[in-house]
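One-based numbering, in listed order, for ligands and for the atoms of each. On a predicted model such as this, the values are computed, not experimentally measured, just so you know. Excluded from the calculations below are hydrogen atoms, water molecules and symmetry mates; all remaining heavy atoms, backbone and side chain alike, are included.
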Amino acid sequence: MIVRGAVLREMGLPKPYAESRPLRIEEVELAPPGPGELLVRVRAAGLCHSDLSVIDGSRPRVMPMLLGHEATGEVVASSAAGFSAGDAVAFAFVPACGACGPCAEGRAALCEPGAAANTAGTLLSGVRRLDGVHHHLGVSGFADHAVVSARSAVKIDPALPPEIAALFGCAVMTGVGAVVNTAQLQAGRSAVVFGLGGVGLSALLGAVLVGAHPIVAVDVVPEKLALARSLGATHALQAGPDVVQEIREATSGGADYAFETVGSAKVLEQAYAATRRGGTTVTVGLPHPSQAFSVPAVSLVAEERTVKGSYLGSAVPSRDIPRYIALYQAGRLPVDRLLTTTVGLDDLNDAFDTLAAGTSIRQVLLL
Ligand SMILES: NC(=O)c1ccc[n+]([C@@H]2O[C@H](COP(=O)([O-])OP(=O)(O)OC[C@H]3O[C@@H](n4cnc5c(N)ncnc54)[C@H](O)[C@@H]3O)[C@@H](O)[C@H]2O)c1
Ligand SMILES: [Zn+2]
Ligand SMILES: [Zn+2]
């Protein structure tokens, strides 16, 4: 079949994208699903900074690529056990083979064949179903239809509006998972979140959910500070050179846990400096591969500090997405507050300018 979707052919074109138009809306031939795969009518796809990082070249990927990885839709045809036409699904951006070492340990985010397929721009099986175009993280959700591995999909409640359901596949799973799985943050421990985009605000919602206190939120955009307060942050601080000292004051000497959700090694250094002795820094943002960060090595030892990476929220998607959806439906995880606006395929280049400016949270493409 022919699908219409947003294809990136060249990374690093100049801003504004409204003028350079890195995403071209093209018709691409999509082959039918192979064994263990699904054909999905995509309904909605969120715009994540990781899509922007492919566009601007800070997260290099094999070209050309049909972008979009935070998506939801309805199964049209299934060659996989456990899925039938009509099922509502959300996608996880790492397929979990279920058989490799990390999968066997319950660390689906580290699935080895999944990572290899994502690097190659293929589905988990190693094939491409898009003619002449690579898949983005096994999803390629910026198109009206997608063929995915069933191991990239999780069945969800069909009653969920698509523009909400899409968010669970990346922002919510990543941000809430960083708090619940990676940090295992407990009630009464203090937390600071750097960066209040879809991922950082999801981490904030996760910190509120588990009863962390106090909770400090940091961003460069003032409007986001007000939103963070309304979502449960006890302090919201403007980013800048003084912010580490301000966090140390707000948390009586440094936060137990710091979350970096910006994608900057410099901010990661601030996050580390904002933790107390014995504190843990969880790094979620994805800086350019050339960026390094440095900490006084002895502080890891003499102050028993920890730095932990968190990919895909250290999640098991088939376990965590249904849990987070149930919490949303119970009013405990108001992720609808992350939705800024909905857009169409032809608006995508402008929408990525807005994301780059930091003024939106989640813009969601409706298909
Ligand atoms: N680890 C994972 O599995 C995973 C998953 C999804 C996204 N990511 C990464 O997480 C990061 C955040 O993604 P997002 O979609 O929420 O991005 P976003 O662009 O929506 O949010 C980033 C926020 O950081 C703020 N910011 C910029 N500079 C700052 C500074 N110096 N101090 C504090 N805040 C600052 C921006 O104003 C913005 O609000 C990106 O690097 C993305 O690639 C990682
Ligand atoms: Zn993402
Ligand atoms: Zn695996």
Exercise for review: For the residue pair Leu39 and Pro32, establish whether any side-chain heavy-atom pair is separated by less than 4.5 Å.
Suggested key: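 Leu39 vs Pro32: side chains apart.
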Please report whether ligand 1 has a polar contact with [X], defined as an N or O pair separated by less than 3.5 Å (distance criterion only).
{"X": "Gly198", "result": "yes"}
{"X": "Gly313", "result": "no"}
{"X": "Leu286", "result": "yes"}
{"X": "Asp219", "result": "yes"}
{"X": "Ser360", "result": "no"}
{"X": "Ala239", "result": "no"}

Review point. Under 3.5 Å, side chain of Thr275 to main-chain N/O of Ala255, donor-acceptor pair present?
Key: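 Judged by distance alone, no pair lies under 3.5 Å.
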Review point. Can Arg305 be said to sit on top of Tyr272's aromatic six-ring, NZ or CZ under 6.0 Å from centre and within 45° of the ring axis?
Key: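 The answer is yes, since Arg305 meets both limits relative to Tyr272.
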Report, as yes or no, whether the 6.0 Å neighbourhood of atom [atom1] on [X] holds more than 12 heavy atoms from other residues, nucleotides or ligands.
{"X": "Arg332", "atom1": "CZ", "result": "no"}
{"X": "Arg24", "atom1": "CZ", "result": "no"}
{"X": "Glu304", "atom1": "CD", "result": "no"}
{"X": "Arg128", "atom1": "CZ", "result": "yes"}
{"X": "Arg319", "atom1": "CZ", "result": "yes"}

Protein heavy-atom partner closest to [atom] - residue, atom, separation in Å:
{"atom": "atom 13 (O) of ligand 1", "value": "His49 CB, 3.4 Å"}
{"atom": "atom 6 (C) of ligand 1", "value": "Cys170 SG, 3.2 Å"}
{"atom": "atom 27 (C) of ligand 1", "value": "Val262 CG1, 3.8 Å"}
{"atom": "atom 20 (O) of ligand 1", "value": "Gly197 CA, 3.3 Å"}
{"atom": "atom 31 (N) of ligand 1", "value": "Val267 CG2, 3.4 Å"}
{"atom": "atom 24 (O) of ligand 1", "value": "Gly195 CA, 3.5 Å"}
{"atom": "atom 10 (O) of ligand 1", "value": "Gly285 CA, 3.6 Å"}
{"atom": "atom 12 (C) of ligand 1", "value": "Thr261 O, 3.1 Å"}

What part of [X] sits under 4.0 Å from ligand 1 if we count only heavy atoms: the side chain, the backbone, both or neither?
{"X": "Arg362", "answer": "side chain"}
{"X": "Leu312", "answer": "backbone"}
{"X": "Leu196", "answer": "backbone"}
{"X": "Gln270", "answer": "neither"}
{"X": "Ser50", "answer": "both"}

Give the atom numbers and elements of ligand 1 that come within less than 4.0 Å of a heavy atom of [X].
{"X": "Tyr311", "answer": "1 (N), 2 (C), 3 (O)"}
{"X": "Leu355", "answer": "19 (O), 20 (O)"}
{"X": "Thr174", "answer": "2 (C), 3 (O), 4 (C), 5 (C)"}
{"X": "Val221", "answer": "37 (O)"}
{"X": "Lys224", "answer": "38 (C), 39 (O)"}
{"X": "Val199", "answer": "6 (C), 7 (C), 13 (O), 14 (P), 16 (O)"}

Check your understanding: Judged by modelled atom types alone, do Thr182 and Ser314 share a side-chain donor-acceptor pair under 3.5 Å?
Key ->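 Yes, Ser314 and Thr182 have a side-chain donor paired with an acceptor closer than 3.5 Å.
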Exercise for review: Would you kindly say whether Glu37 and Ser125 are connected by a side-chain donor-acceptor distance under 3.5 Å?
Suggested key: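 A pair is found: one side chain offers a donor N or O, the other an acceptor, under 3.5 Å apart.
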Exercise for review: For side chain to side chain contact (heavy atoms under 4.5 Å, CB included), just list the numbers for Val176 and Leu333, CA-CA rounded to whole Å, side-chain angles, deciding distance to a tenth of an Å, and then say yes or no.
Suggested key: CA-CA 9 Å; Val176 179; Leu333 201 59; 4.1 Å; yes
Using a strict cut-off of less than 4.0 Å between a Lys/Arg side-chain nitrogen and an Asp/Glu carboxylate oxygen, indicate whether [X] and [Y] qualify as a salt bridge.
{"X": "Arg362", "Y": "Glu70", "result": "yes"}
{"X": "Asp256", "Y": "Arg276", "result": "yes"}
{"X": "Glu26", "Y": "Arg9", "result": "yes"}

**Study point:** Worked check of ring-ring contact (aromatic ring centres under 6.0 Å, His included) between Phe168 and Phe91
**Key:** CA-CA 8 Å; Phe168 287 88; Phe91 303 113; over 10 Å; no
Review point. Does Lys266 have a heavy atom less than 4.0 Å from any atom of ligand 1?
Key: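 It does not, in that no heavy atom of Lys266 comes within the 4.0 Å cut-off of ligand 1.
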Point to revise | 4.0 Å heavy-atom contact, Ser264 with ligand 1 | key: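 Judged by the 4.0 Å heavy-atom criterion, Ser264 does not count as contacting ligand 1.
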Practice item. Applying side chain to side chain contact (heavy atoms under 4.5 Å, CB included) between Leu167 and each of Val172, Ile361, Thr72, report the one that passes. Key: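 Only one of Val172, Ile361, Thr72 forms a side chain to side chain contact (heavy atoms under 4.5 Å, CB included) with Leu167, namely Val172.
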Point to revise | Heteroatom test (N, O or S) for Cys48 near the Zn ion (ligand 2), limit 2.8 Å | key: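 Yes.
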